[in-house]
Every structure is written in structure tokens, then in C-alpha cells.
Amino acid sequence: MTTERFDPASADTRWQAAWDEARVFEADSDSGKPKSFVLEMFPYPSGRIHIGHVRNYTMGDVLARYKRMTGHEVLHPMGWDAFGMPAENAAMEKGVHPGGWTRANIATMKAQLKRLGFALDWSRELATCEPDYYGHEQALFLALYEAGLVYRKESEVNWDPVDMTVLANEQVIDGKGWRSGAPVERRKLAQWFLKITDFAEELLEGLGKLEDWPDKVRLMQENWIGKSTGLEFSFELIHPSPSGEGTGVGPVGGTCPPPTPPPDGGGVLNRPGYYTPAPQVLCARFVAIAPDHPVAQGVAARNCDAAKFIEQCKRGGTTAAELETAEKLGFDTGIGAKHPFTGAHLPVFIANFVLMDYGTGAIMAVPGHDQRDFEFATKYRLPIPRVVAASVADADRPFAGEAESGDGVIVNSNFLDGMAVEDAKREVIARLEGEGRGRGKTVWRLRDWGVSRQRYWGTPIPFIHCQTCGVVPVPRDRLPVVLPEDVDFQTPGNPLDRHPTWKHVDCPACDGKGQRETDTLDTFVDSSWYFLRFASQPADRPFDPAEVAKWLPVEQYIGGIEHAILHLLYARFWTRALAHIGMIEVKEPFASLFTQGMVTHETYYTTKVVEVRGEGETEFRPMTVLDQLYSPAEVNRSAEGATLIADGRALEIGAKIKMSKSKKNVVDPDTIVARYGADAVRWFMLSDSPPERDLPWSEAGIEGCWRFVQRLWRLFGQYEPAARGVDQALDRKHHQTVAAVAQDIEALAFNKAVARIYELTSAVEKAAPSASRSAAIRTLALLAAPMMPHLAEEAWTRMGQQGLVSQANWPAVNPALLVEDEVTIALQHMGKLRDTVTAPKGASKDDLEALALGNEKLQRSIAGAAVKKVIVVPDRLVNVVA
RNA sequence: GCCCCUGUGGCGGAAUUGGUAGACGCGCUCGACUCAAAAUCGAGUUUCGCAAGAAGUGCCCGUUCGAGUCGGGCCAGGGGCACCA
């Protein structure tokens with residue numbers, strides 16, 4: 001009998017060393033066992049492990065350990081998504097080198113992960129910032145280039161005109177640069193793109209087969225790819241007299257010379273390429289084009305007001321959210337577009353909400369049935385006709401202040417009247433195709449993947465610009481193109497571009513003077529193939545296809561929902577592209593995906609009262625606002641509330657929100673591991689909240705986990721191998737629990753598995769000593785092994801069992817013990833519960849009905865009313881309708 | 001603005017997918033042990049009600065013998081929106 005407490009401080013390190021010594025978690029790709037690749041999204045080495053990482057990696061760890069216990073050869077690796085902006089920010093703020101900063105963070109975080117006892121194969125560790133990783137990435141990029149999947153084109157970036165640098169979206173705050181505070185402009189740069197749109201159809205179709213992905217993620221990707229069918233055709237453009245052009249509805253300041261008349265015949269203005277969802281073609285009342293559409297550019301060339309308007313559209317950020325929430329602005333070009341059916345002249349506007357990247361950059365506006373068009377038409381007093389109505393009789397019903405997007409029949413549209421929207425679509429396309437004036441066209445919301453970043457800390461794009469040869473790929477034998485170490489972050493802009501020597505090289509084609517490409521790759525490229533590198537790490541090529549074939553696809557991928565679209569879509573694309581050029585066989589990298597929730601925590605703060613005066617108010621009035629935030633370490637939290645440890649002041653308790661430094665509600669994993677041990681922390685991560693939902697961190701919760709660790713430890717101490725006697729009820733509970741926990745772990749329903757283990761623990765504690773009880777105690781150690789591995793190892797050894805519990809087999813289940821012989825039957829009257837009775841399992845419907853009708857409480861409820869119907873659900877309930 | 005998700009006791013949640021709502025844990029209350037505390041053990045804990053009973057899964061309406069679960073309409077909170085990772 002063991003009576004002392006379980007001491008994680010000594011057990012944790014002892015067992016971690018034992019696992020390392022025995023190389024338990026190194027994957028053997030040549031073993032004959034079925035293979036299982038369990039992968040969690042690798043972390044960005046930001047400094048320290050975050051509690052969210054702990055949750056993510058604990059889930060993967062339980063699955064990996066469980067798989068090993070059920071006879072699988074498990075690959076469970078870890079690496080570092082080591083390129084990215086924070087390293088450059090640290091360089092600018094603290095004067096440290098991004099590489100040094102990143103590598104120091106990796107060392108810290110690796111030690112933290114080790115202290116949590118994760119069953120990781122560290123022999124396959126990789127960091128994307130090392131040349132032995134990104135060099136292979138450069139080779140893959142060149143392979144895609146040779147396959148025609150890489151190209152250059154002009155694209156917009158956020159430009160900070162003061163710092164003379166490109167800004168990431170997160171560096172743009174309220175339309176201003178985060179450092180300079182200067183209004184951000186949109187500027188065009190030549191950039192590198194990957195042809196993900198070539199794979200749009202494949203990526204969409206592939207989603208249908210990813211049955212073990214959350215529906216939510218599949219739907220988000222489907223919407224992102226955004227397939228839609230419409231109509232592409234040309235308008236004939238009609239140029240008015242010079243005086244009519246450019247009435248300048250847009251709010252344009254300053255003075256301008258009168259516009260120049262257009263060249264004869266319209267020239268560039270009469271180009272094809274208008275895209276519209278088909279059925280609305282007859283009700284179009286105006287045409288809107290993107291500010292960078294060639295027609296708009298043509299107008300601007302001759303009309304200074306138009307040019308100014310286009311300039312104005314370039315202010316502000318590049319994100320969809322900003323574009324769509326900004327005020328809808330337009331500029332009337334004065335040009336008319338001739339309607340293909342009615343011949344009506346539609347005004348052509350330059351509009352700030354039309355995107356050049358989507359469709360053809362021009363739309364026929366349908367103000368009645370698109371909110372953006374509605375707002376625009378209202379602002380510029382354009383007609384808003386109804387084209388879709390509930391019925392033909394409803395054709396002239398006015399709009400209630402907003403667009404109507406519902407389904408219905410077409411009205412006010414000539415030969416389409418009365419048709420369903422889908423039918424009308426087909427009819428319009430057929431007519432225009434018949435007349436040779438247009439064609440049905442599939443358009444995609446998905447755009448090509450821009451991978452250029454004007455930054456230092458990323459994979460150099462392996463190309464050389466030569467004045468005579470143009471853009472030339474770096475020959476394979478000169479890879480990797482290694483980042484220079486001596487860089488300066490004190491001046492703004494891209495350090496690679498400013499480096500005195502790095503970019504000056506000879507052209508590989510003509511030996512003349514050339515310049516290296518100074519853009520680096522988007523870090524999403526790094527994370528698009530790391531799972532392939534985990535399967536094998538040859539020095540001379542990115543991966544060994546035979547090893548990839550053995551391990552891929554990843555059996556279970558686990559990570560945050562925030563990656564639902566970009567990372568996961570890019571990784572799917574990259575994998576398909578490599579399959580397309582014959583480098584690998586597998587097309588979908590992740591067979592099953594799980595997206596876990598965040599870890600949240602309360603916030604603690606004091607408030608203060610300030611005097612405020614709102615717009616249009618004359619009086620100041622008092623208002624309570626947040627004064628100061630306090631971190632959990634500074635706070636004494638009890639059931640009564642929260643007080644400040646320093647002076648006992650009462651604090652306000654705020655909402656449970658995602659842990660973040662700015663809210664000061666962060667809990668450091670190291671601190672809690674030091675206090676409670678790895679197992680209690682792991683147990684907390686798995687308990688209570690379903691893994692896909694948010695997990696609220698609480699001091700009381702981790703205390704409870706700590707107590708359970710000790711409670712199990714005491715129970716393990718009661719293991720008596722010599723005990724005799726059978727406890728059938730306990731045997732049943734024992735085997736039912738093993739089966740249920742296995743099922744729950746496989747479904748990643750860890751919170752349910754935890755509840756089952758609690759139940760079995762309570763049952764064993766209450767049972768009298770017997771062989772059954774000892775067997776159940778031994779099984780509890782095995783059930784705990786994936787979740788609380790240090791405690792389980794310690795107990796396993798104390799119980800005199802051979803070897804490591806990490807390498808033991810999952811307990812076998814006797815199916816005969818899974819079924820109960822008695823069941824509880826609910827007795828209902830009109831669906832309301834009146835009593836419950838026990839009956840033999842599998843009792844006949846007649847027996848159950850007789851049992852119910854003979855029940856006193858049920859009879860009292862029926863109170864002599866005529867029984868109309870009796871519904872019997874075998875083994876569950878009897879419902880009397882009376 | 002657009003797309004997506006979530007809502008059940010004081011709290012986290014469970015409910016064999018249309019069949020006994022609240023398993024399990026936290027917290028709290030009472031009791032045992034203790035000089036006392038901690039730890040541990042036992043009992044209780046949706047609300048109203050002495051009870052019988054009634055109400056109850058964000059709100060409203062519907063389908064059904066029966067709705068947390070299905071349908072329609074709202075409300076609230078959260079995530080994503082292409083250079084944060």
C-alpha cells in the first residue's frame with residue numbers, strides 16, 4: 001500500500017528520461033505494423049508555449065499514445081513554422097537578429113513541450129527557417145515554375161508612403177500605418193503568383209470526398225472557392241458628345257481642365273468582358289466598373305476628375321472587409337452602354353466596390369437584389385426596378401429600404417416574365433449564345449495565390465533578374481539561395497533590397513550582371529509541405545516519395561479553426577500540384593481534420609468614472625470606463641469575487657475571452673506545470689469542454705484535476721494482485737468503460753472519455769476487494785496512460801507490471817460484459833413522464849404495454865380516460881395516448 | 001458588409017441522433033475526521049412548492065403520441081474575409 005502523494009516534480013522528469021532512453025516515440029517506417037500519422041499544426045516560435053498549444057498538442061498526444069497502444073506504428077512529429085513577421089518586429093524593436101531570436105525561442109519552447117511529456121518523435125524535428133528546409137522549398141517552387149504553375153503579375157499592396165514599405169493587413173490600423181500613422185495607399189507591384197485557380201474545380205470536388213473533415217470547414221472552403229455560373233458578353237459602348245462626358249458625380253475636389261474628347265470609334269473603350277449573373281441582364285439600370293478597369297483608365301487619361309476619383313479609390317486598405325464596409329462611391333463616366341436586348345443606354349460608373357480581380361472587373365448592376373448596388377443606386381438616385389418577386393402579381397411592390405435577395409419569379413423583364421430565376425438564367429444564356437453575342441461562363445471567387453513578400457525573414461524566391469535574359473531561375477545546383485546574416489533593420493523597407501552585396505550576382509544564363517529577386521515567400525508556402533518532410537528527410541531532395549507513400553495522408557490533423565481556409569486550402573493545393581507534376585501520389589494531405597477551440601480566461605480590471613460629452617450633446621455626463629487590467633497572477637480569485645493581492649482591492653470580473661497579452665488574461669504553462677505537474681495540466685486540457693469548443697481556464701478547475709491525480713494515485717496503491725473473488729457488476733462497468741473510452745478517444749471526444757474514467761474510478765473505490773477490483777485498477781492505469789502518462793508509468797511500475805505502460809497493449813474487452821440484462825423503461829402519459837420501471841432487456845411490446853397499463857402512477861394520471869393509442873419503444877419507453 | 005458557428009443549472013458540459021433533460025466535473029451547503037486547518041470521506045445541490053405536483057434546454061411559431069434534437073422567423077455571443085500565424 002502506498003500512502004505518500006504522487007510527486008510530479010520527480011516522476012515527470014524521470015519518465016521523460018526513460019522514454020528518451022528507450023526511444024519509444026521514434027517512428028520506424030519499416031515496421032510491419034499499420035501506420036498512423038498523427039499531426040498537430042506546428043507552432044510559430046513566438047517566444048513561449050501558449051496554453052492553446054498545450055491543448056492542441058495534448059489532444060494529438062492522447063490520440064498518438066492510444067494508437068501506439070492499439071498496435072499502430074505511430075508518426076507524431078514536431079517542428080517550427082519559423083519564418084514570419086514577429087521576428088522582424090523583434091529585430092526592429094530590440095535590435096536582435098531575427099535568426100537568433102527565432103532559434104532562442106525554439107530552444108525555450110522545445111524545453112517547455114518536453115516538460116509536458118508529449119510523445120513526439122524529436123528525431124524528425126525541423127524548422128522552416130533553416131536552409132536544409134527552405135532550400136528544398138526553393139527546389140519545389142522551381143519545379144512548379146517549370147510546370148507553368150508560377151507566374152508574375154502586377155498586384156496591389158498596402159503601401160506606407162512615409163516608411164516607404166509594404167504593410168501587412170494587421171499593420172494597417174484604421175487605414176493608417178502602424179508606425180508612421182500615415183494614411184495607407186494601395187500601390188501596384190510586380191509579384192509572384194501560384195496558379196491555384198487551375199485547381200479550383202479539383203479543390204472544390206475534392207472537398208466532397210473529405211468526409212472526416214468538419215462540415216463547417218468544407219463549407220467555408222466551398223464558399224471561398226466560390227464557383228458561380230453567369231454570363232459574359234460585351235456591351236457596345238456609346239460615347240456622348242464631349243460636353244456630356246464625365247459629369248463627375250463622384251466627390252472630387254480641385255480644379256481640372258475640360259476633358260479631352262475620346263478617340264474615334266471608341267478604341268480601347270469598346271472592349272469585351274462584362275460579367276453578370278445572367279437573369280438580371282434585362283433589368284440592369286447601370287454598369288459599374290473597377291477603378292483599375294481599362295475603360296476607367298481610358299477615361300482617366302482624358303479626364304482629370306476621373307483620374308482624381310480613381311486616386312481617391314486607392315486610399316484605404318486592401319481587405320475585402322474594408323472595401324465592403326466603406327461608403328459606396330461612384331463616378332459617372334458619361335459613357336453609355338447599349339443594352340443587349342432593349343437597346344437602352346445604361347450609364348457606366350467607375351465604382352469603388354467593384355473588384356478587378358473578380359470576373360471581368362465590370363458588372364451590370366441589379367440594385368433591387370444586391371445590397372451594394374442598392375446602396376449605390378440610392379446614393380446616386382438611380383432607378384431601382386423590381387426583377388424578382390414572390391409572384392407576377394407582386395411585380396410592382398416597392399422595396400422596404402433594402403435589397404431583396406430571396407428567390408421567386410422574374411418580373412418586369414420582357415420575355416423572361418414569370419420564369420423561375422434558374423430557368424431565366426438558362427434562357428438568357430441560350431439567347432445570347434444563339435446570337436453569338438456572349439457565352440455562359442463559370443467564374444470563381446478564388447484568386448491566384450500571391451506569394452511575394454517584401455520582407456527579409458522568409459524563404460528567398462530563387463530567381464535572378466537579368467537585363468538581357470529577363471527573369472531567370474537559379475540553377476538547382478546553386479540552391480539553396482541562403483539569406484544573408486548581416487542585415488540592417490534600423491532603416492525601413494526590405495533589408496534584402498538594401499543589402500550592399502547579396503543581390504548582386506551574375507546571370508546564370510548569360511553571365512552578365514544580374515540581381516537576385518529580393519521578395520521572399522509567403523510563410524503559408526512553408527506550411528504547405530512540412531508534413532511531407534516529416535515522412536522522410538533526405539539531404540539531397542525535399543522528400544523520399546516512397547516514405548511519403550507509406551505515411552501520407554495524415555490520419556488525423558489537429559489545429560485551430562482560424563486555419564480553416566487559408567493554410568488548409570494552400571496545403572491541399574500544394575499537395576495536388578506536386579501530385580500533378582508526378583512528385584508524389586497522394587492528392588489530399590489530411591484524411592481527417594479536427595479543429596479545436598481556444599482556451600479562454602476571465603479578465604480582471606478596475607474601472608474609473610470619466611466625464612464625457614457625446615456628439616451633439618451640450619452637457620458632460622459621467623461614464624464608467626475600464627481603468628486598468630490585472631493578470632491572474634496578481635489576483636486572488638474566490639467564489640465571492642476577485643481581489644488584488646497587493647492591497648485587497650475588489651476587482652471587476654470580465655468576460656471569458658481568448659487569452660492574449662493585451663487583455664492580461666494569460667496563464668503561463670510553465671508556472672502551472674511547475675505547481676501541479678504535467679499530468680494535472682493535461683487532464684485539465686481534456687476535461688469538461690468538448691474539444692471543438694472553447695475551454696475556460698480556471699484556478700478551481702486545475703485544483704480539481706490535481707486532486708484527481710492524487711485520488712487515482714491512492715487507488716493505484718490499493719492494487720492487490722492476490723485478491724480473490726468475482727464482482728460481476730464491477731466487471732461489467734470495467735469492460736463497458738474500456739469500450740466507451742476507446743470509442744470516445746477515436747472520436748476525439750476527450751471530455752466524454754474523462755467522464756467515463758471518473759465513473760469507473762468511483763465504482764472501483766466503492767467496491768470491496770476482489771480479483772475484479774484489482775483487474776479494474778490495473779485497467780485504470782492503462783486507460784490513464786494516454787492522458788496522464790507519468791502517473792500511469794509510476795503506477796504501472798509500482799504494481800509490478802513489466803515494461804513501460806506507454807508500450808503496453810490497450811486492455812481487451814469481453815463483449816459479453818457490455819450488455820445489460822435489465823433496462824429502465826420510462827412510462828409516459830401524453831409524452832409526460834409518470835414513472836419508471838425495470839424490465840428484462842428485449843421484453844416484448846405486449847409485455848411492456850401490459851406492464852405500463854398495470855402501473856398505478858400511470859393509471860392515476862390517465863384517470864379513466866379512454867386509451868386511444870399506446871406507443872411502445874422496446875427497451876426505452878411506453879407512451880399512452882389518452 | 002459577406003460567409004460560417006454557438007446558445008442547456010451558479011459554472012464547464014452530458015443526453016445511444018426524435019424517446020426518462022441535467023451523466024461527469026467544478027463550485028456551494030450540511031455532516032464525519034481534527035485541538036484547529038489542510039487533505040480525505042459521506043449526504044445534498046434546475047426553479048417554484050411543506051407536499052402532491054407544475055414549469056424548464058436564448059426568444060416566438062410550427063411538425064409530432066413525444067422536440068435540447070426537425071422546420072420557419074427573430075435575438076445574443078464568437079470566428080473567417082486572401083500580407084498575423
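Treat the numbers as computed from the prediction; the structure is a model and nothing was measured. Throughout, a chain's letter reflects where its sequence line sits, starting with A, and its residues are numbered from 1.
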- [ ] Between B:rU20 and B:rG71, how far apart are the C1' atoms? Round to whole Å, please.
- [x] 26 Å

- [ ] Using the test salt bridge (Lys or Arg N to Asp or Glu O under 4.0 Å), find all partners of A:D522 that sit at least two apart in sequence or belong to another chain.
- [x] A:R453

- [ ] Send over the distance from A:I565 CD1 to B:rC83 C1', rounded to a whole Å.
- [x] 16 Å

Task: Any side-chain heavy-atom pair of A:I757 and A:M787 under 4.5 Å - done: yes

Task: Test: A:E759 and A:K733 ion pair at under 4.0 Å - done: yes

- [ ] Would you indicate what A:A700 reaches in the nucleic acid, counting non-hydrogen atoms under 4.0 angstrom: base, sugar-phosphate, or nothing?
- [x] sugar-phosphate

TODO: Please check if any side-chain donor atom of A:D688 sits under 3.5 Å from a side-chain acceptor atom of A:N751, or the reverse.
DONE: no

Open item on the list: If you assign each of A:L189 and A:E759 to its closest nucleotide in RNA chain B, which residue comes earlier from the 5' end?
Closed with: A:E759

Open item on the list: According to salt bridge (Lys or Arg N to Asp or Glu O under 4.0 Å), who are the partners of A:R152, at least two apart in sequence or on a separate chain?
Closed with: A:E517

- [ ] Using whole Å, report how far CD of A:E170 lies from P of B:rA82.
- [x] 12 Å

- [ ] Not counting sequence neighbours, which residues clear side-chain hydrogen bond (donor to acceptor under 3.5 Å, both in side chains) with A:T197? List them please.
- [x] A:D448

Task: Nearest-angstrom distance, P atom, B:rA39 to B:rG58 - done: 36 Å

Open item on the list: So that I know where these two stand, are A:W80 and A:F42 an aromatic pair - ring centroids less than 6.0 Å apart?
Closed with: no

Output one line per pair: protein atom, nucleotide atom from nucleotides 64-68 of chain B, and distance, for all N/O pairs under 3.5 Å.
{"from": "B:rC65", "atom 1": "O2", "to": "A:N879", "atom 2": "ND2", "distance (Å)": "2.4"}

Open item on the list: Once you apply a heavy-atom cut-off of 4.0 Å, does A:S452 come out as touching a base, just sugar-phosphate, or nothing?
Closed with: base

TODO: Pick base, sugar-phosphate or nothing for A:H567, based on heavy-atom distances below 4.0 Å to the nucleic acid.
DONE: nothing

- [ ] Name the closest nucleotide to the A:R445 side chain, picking from B:rG42, B:rC24, B:rA82.
- [x] B:rA82

Task: Sugar-phosphate, base or nothing in reach of A:Q191, heavy atoms under 4.0 Å - done: base

Open item on the list: Does B:rC26 have its OP1 or OP2 closer than 4.0 Å to a side-chain nitrogen or oxygen of A:S698?
Closed with: no

- [ ] Side chain of A:Y758 only, please: which of B:rC83, B:rC24, B:rA85 is the nearest?
- [x] B:rC24

Open item on the list: When you measure from the side-chain N and O atoms of A:R447 to the phosphate of B:rA82, is any distance below 4.0 Å, counting only OP1 and OP2?
Closed with: no

Open item on the list: Between A:R711 and A:E765, does any NZ, NE, NH1 or NH2 come within less than 4.0 Å of an OD or OE carboxylate oxygen?
Closed with: yes

What protein N or O atoms touch nucleotides 10-14 of chain B N or O atoms at under 3.5 angstrom, if any, and at what distances?
{"from": "B:rC11", "atom 1": "O2'", "to": "A:K656", "atom 2": "NZ", "distance (Å)": "3.4"}
{"from": "B:rG12", "atom 1": "O2'", "to": "A:S689", "atom 2": "OG", "distance (Å)": "2.6"}
{"from": "B:rG12", "atom 1": "N2", "to": "A:D688", "atom 2": "OD1", "distance (Å)": "2.8"}
{"from": "B:rA14", "atom 1": "OP1", "to": "A:N751", "atom 2": "ND2", "distance (Å)": "3.3"}

TODO: Using the six-membered ring wherever Trp is involved, compare the ring planes of A:H53 and A:Y57 and label them parallel, tilted or perpendicular (cut-offs 30° and 60°).
DONE: parallel

- [ ] Can you tell me, in whole Å, how much space there is between the C1' of B:rA82 and that of B:rU46?
- [x] 47 Å

TODO: Take A:Y557 and A:W213 through the test ring pair (Phe, Tyr, Trp, His ring centres under 6.0 Å) and record every step on the way to the result.
DONE: CA-CA 10 Å; A:Y557 196 35; A:W213 279 41; 8.4 Å; no

Open item on the list: Applying ring pair (Phe, Tyr, Trp, His ring centres under 6.0 Å), can you list everything that pairs with A:F6, at least two apart in sequence or on another chain?
Closed with: A:W713

Open item on the list: Using atom C1' in both nucleotides, what's the gap between B:rU57 and B:rG22 to the nearest angstrom?
Closed with: 9 Å

- [ ] Could you provide the dot-bracket string of RNA chain B, using ( ) for intrastrand pairs, [ ] for crossing pairs and | for bases paired to another strand, with Watson-Crick or G-U pairs below 3.5 Å?
- [x] (((((((..(((......[....)))((((((.......))))))(((....)))..(((((..]....))))))))))))....

Open item on the list: From the set B:rA82, B:rA39, B:rC84, return the single nucleotide nearest to any side-chain atom of A:L566.
Closed with: B:rA82

Task: Distance test, side-chain N/O of A:R860 to OP1/OP2 of B:rG53, below 4.0 Å - done: yes

- [ ] Using a 4.0 Å heavy-atom cut-off across all strands, classify A:Q454 as base, sugar-phosphate, or nothing.
- [x] base

Open item on the list: So that I can tick it off, tell me whether A:E154 and A:R187 are bridged by a salt bridge, with the cut-off set at under 4.0 angstrom between side-chain N and carboxylate O.
Closed with: no

Open item on the list: Need one value for A:F708: base, sugar-phosphate or nothing, where a base atom within 4.0 Å counts as base even if backbone is also close, heavy atoms only.
Closed with: nothing

Task: Within residues 593-600 of chain A, residues whose heavy atoms come under 4.0 Å of RNA chain B - done: none

- [ ] Identify whether any heavy atom of A:K832 sits under 4.0 Å from a base atom; if not, whether one sits that close to sugar-phosphate; answer base, sugar-phosphate or nothing.
- [x] sugar-phosphate

Open item on the list: In whole Å, measure the gap between the C1' atoms of B:rG53 and B:rC59 for me.
Closed with: 27 Å

Task: Rounded distance in Å - CZ (A:R714) to P (B:rA39) - done: 11 Å

- [ ] Classify the nucleic acid contact of A:T824 as base, sugar-phosphate or nothing, counting any heavy atom under 4.0 Å across all strands shown.
- [x] base

Task: Aromatic ring proximity, centroids under 6.0 angstrom, A:W574 and A:F524 - done: no

TODO: Ignoring the backbone of A:N169, work out which of B:rA85, B:rA82, B:rC24 is nearest its side chain.
DONE: B:rA82

Task: A:F83/A:T102 under side-chain contact (heavy atoms from CB on, under 4.5 Å): CA gap, chis, key distance, verdict - done: CA-CA 8 Å; A:F83 275 139; A:T102 301; over 6 Å; no

Task: With A:E746 via salt bridge (Lys or Arg N to Asp or Glu O under 4.0 Å) - residues at least two apart - done: none

Open item on the list: On RNA chain B, compare the nucleotides closest to A:L833 and A:A168; which residue's is nearer the 5' end?
Closed with: A:L833

Task: Nearest-angstrom distance, P atom, B:rC60 to B:rC65 - done: 23 Å

- [ ] Figure out the CZ/C1' separation between A:R455 and B:rA85, and round it to whole Å.
- [x] 12 Å

Considering only nitrogen or oxygen atoms on both sides, find all protein atoms under 3.5 Å from nucleotides 3-5 of chain B and state each distance.
{"from": "B:rC3", "atom 1": "O3'", "to": "A:N223", "atom 2": "ND2", "distance (Å)": "3.3"}
{"from": "B:rC3", "atom 1": "O2'", "to": "A:N223", "atom 2": "ND2", "distance (Å)": "2.6"}

Open item on the list: My understanding is that only residues two or more places apart in sequence, or in another chain, count here; which of them pass salt bridge (Lys or Arg N to Asp or Glu O under 4.0 Å) with A:K188?
Closed with: A:D292

Open item on the list: Checking A:D81 against A:S527 for the side chain to side chain donor-acceptor pair (under 3.5 Å) test, could you report, in this order, the C-alpha distance in whole Å, the side-chain angles of both residues, the deciding distance, and whether it holds?
Closed with: CA-CA 7 Å; A:D81 189 11; A:S527 53; 4.7 Å; no

Open item on the list: Suppose you measure atom C1' in B:rC24 against the same atom in B:rA38; what distance do you get, rounded to whole Å?
Closed with: 26 Å

Task: is_close_aromatic(A:Y758, A:W683), centroid dist under 6.0 Å - done: yes

Open item on the list: From the set B:rA55, B:rC83, B:rU40, return the single nucleotide nearest to any side-chain atom of A:R707.
Closed with: B:rU40

TODO: Apply side-chain hydrogen bond (donor to acceptor under 3.5 Å, both in side chains) to A:R834 and list each qualifying residue two or more places apart in sequence or on a separate chain.
DONE: A:S861

TODO: Would you indicate what A:W224 reaches in the nucleic acid, counting non-hydrogen atoms under 4.0 angstrom: base, sugar-phosphate, or nothing?
DONE: base

